[in-house]
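Reckoned from all heavy atoms, side chains included, excluding hydrogens, waters and symmetry mates. Note that this is a predicted model, so its numbers are computed, not measured.
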Amino acid sequence: MVREIEANELGELLELYLHLHEKEVPPMTETLEHTWETILNDPNHHIIVNVVDDKIVASCVCVIIPNLTRGVRPYAFIENVVTASEYRGKGYATECLNFARDLAIAEDCYKMMLLTGSKEEKTLNFYARAGYNSTDKTAFIQWLE
C-alpha cells in the first residue's frame with residue numbers, strides 16, 4: 001500500500017535509509033526531532049512510503065516548490081528514492097514515484113525533477129522507465145560542508 005508516512009514511522013524510515021547511502025541510523029537528537037516536525041508540518045513536503053506486510057519497504061520524497069515562472073506553476077523535486085534490498089525489482093519504488101507524480105499533477109506542477117548519483121545502468125534504466133529523462137537539463141551540484 002502506497003501512502004504518505006505517519007508521524008510514528010520515523011525510526012522505520014531511518015532504518016530503510018540504510019539501504020540508500022546512510023551508514024547508521026542517526027541518534028534521536030533535538031535537531032533530528034526538530035527536522036522531523038518541520039517536515040511533518042510542511043504541506044509541500046511529502047514522504048511517500050510503500051508498506052508490505054506492515055513494513056515500509058520503499059520510499060521517496062516529493063517536495064512541491066512554489067514558482068514564479070511557467071505561469072506561476074510549481075514544480076516537484078524527487079529525492080531519497082530507496083527500496084530495501086530484499087524487495088527490489090518488484091515495482092515498489094515505481095509505485096512510490098507514481099504516487100509522487102499524482103501529487104505533482106494535483107498541485108498543477110509543470111515538471112518533476114530527480115537527481116541520482118548512481119552511474120549504474122540498472123538504476124538509470126529504472127528512472128527512464130519511470131518517465132524521467134537525462135537529456136532535457138544539465139544538473140550541477142555544489143556540495144556544502
Side-chain angles (χ1 to χ4, degrees), residues 1-67 69-70 73-120 122-134 136-145:
M1 174 177 67
V2 181
R3 59 172 171 75
E4 292 202 44
I5 198 161
E6 296 174 4
N8 65 341
E9 295 175 317
L10 174 60
E12 194 172 352
L13 179 67
L14 295 175
E15 289 283 339
L16 179 64
Y17 283 167
L18 294 175
H19 296 266
L20 187 60
H21 50 65
E22 296 300 305
K23 302 287 188 249
E24 61 186 32
V25 173
M28 188 57 68
T29 62
E30 187 175 313
T31 300
L32 179 57
E33 289 180 20
H34 174 74
T35 301
W36 182 237
E37 286 299 318
T38 300
I39 290 169
L40 291 174
N41 291 317
D42 182 348
N44 290 320
H45 199 133
H46 306 272
I47 298 179
I48 299 158
V49 295
N50 200 331
V51 179
V52 176
D53 296 328
D54 296 321
K55 178 181 179 181
I56 295 175
V57 301
S59 180
C60 73
V61 172
C62 176
V63 179
I64 308 296
I65 301 168
N67 182 37
T69 65
R70 304 284 182 159
R73 291 177 65 196
Y75 57 94
F77 189 78
I78 304 298
E79 185 64 83
N80 297 334
V81 180
V82 60
T83 302
S85 55
E86 62 271 25
Y87 290 89
R88 290 183 182 155
K90 298 179 176 155
Y92 297 127
T94 300
E95 291 174 353
C96 289
L97 290 174
N98 290 342
F99 190 99
R101 185 185 61 232
D102 292 344
L103 280 173
I105 291 169
E107 292 294 327
D108 196 32
C109 292
Y110 78 94
K111 71 177 177 183
M112 295 179 71
M113 294 186 301
L114 178 149
L115 299 175
T116 181
S118 178
K119 306 292 186 233
E120 292 185 30
K122 181 179 178 181
T123 302
L124 301 178
N125 288 337
F126 163 72
Y127 290 127
R129 283 191 312 276
Y132 295 86
N133 75 69
S134 60
D136 289 348
K137 299 257 183 180
T138 301
F140 290 87
I141 305 293
Q142 182 179 49
W143 296 101
L144 305 174
E145 297 293 327

Tell me, do E22 and L14 make a side-chain contact under 4.5 Å, heavy atoms counted?
no
Strictly distance-based, threshold 3.5 Å: is any side-chain N or O of N44 a donor or acceptor partner for the main-chain N or O of V63?
no
Backbone N/O of E9 and side chain of E12: donor-acceptor pair under 3.5 Å:
no
Closer than 3.5 angstrom, by distance alone: can the side chain of N41 be matched with the main-chain N or O of E37 as a donor-acceptor pair?
yes
Please name the residue in the list V82, V51, V52 that meets the side-chain contact (heavy atoms from CB on, under 4.5 Å) test with Y92.
V52
A76 to C62 - nearest heavy-atom pair and separation:
CB-SG, 4.0 Å
Start with the C-alpha distance between F126 and L97, add both sets of side-chain angles, then the distance that settles side-chain contact (heavy atoms from CB on, under 4.5 Å), and finish with yes or no.
CA-CA 11 Å; F126 163 72; L97 290 174; 3.7 Å; yes
Given the rule in the side-chain contact (heavy atoms from CB on, under 4.5 Å) test, do K55 and Y87 qualify, once you have shown the distances and angles that lead to the verdict?
CA-CA 11 Å; K55 178 181 179 181; Y87 290 89; 4.0 Å; yes
What are the two closest heavy atoms between E86 and K90, and how far apart are they?
O-NZ, 3.9 Å
Are side-chain heavy atoms of L103 and E4 found at a separation under 4.5 Å?
yes
Would you check, one step at a time, whether the test side-chain contact (heavy atoms from CB on, under 4.5 Å) holds for H34 with T31?
CA-CA 5 Å; H34 174 74; T31 300; 5.8 Å; no
The reported gap from CZ in F77 to NZ in K111 (rounded to nearest 0.5 angstrom) is 10.5 Å
Determine whether V49 and E6 satisfy the following criterion, side-chain contact (heavy atoms from CB on, under 4.5 Å), listing intermediate values before the conclusion.
CA-CA 9 Å; V49 295; E6 296 174 4; over 6 Å; no
Main chain of T83, side chain of H19: is a donor-acceptor contact present, judged purely on distance under 3.5 Å?
no
State, with a plain yes or no, whether a side-chain heavy atom of R88 is found less than 4.5 Å away from one of K122.
no
L124 versus S118, closest heavy-atom pair with distance
CD2-O, 3.5 Å
Under the criterion side-chain contact (heavy atoms from CB on, under 4.5 Å), which of I47, I48, N80, I5 is the partner of S59?
I47
When rounded to the nearest 0.5 Å, the distance separating OH of Y127 from CG of N133 is 14.5 Å
Search all heavy atoms of R101 against all heavy atoms of M112 and return the closest pair with its distance.
CA-SD, 3.6 Å
Over all atoms of both residues, closest heavy-atom pair of A84 and L16
N-CD1, 3.5 Å
Distance, nearest 0.5 Å, that separates CD1 of I56 from CE of M1:
10.0 Å
Counting heavy atoms not belonging to R70, are there more than 12 under 6.0 Å from its CZ?
no
Nearest heavy atoms of P74 and P66, plus distance in Å:
CB-CA, 4.2 Å
Does a side-chain heavy-atom distance below 4.5 Å link I39 with V61?
no
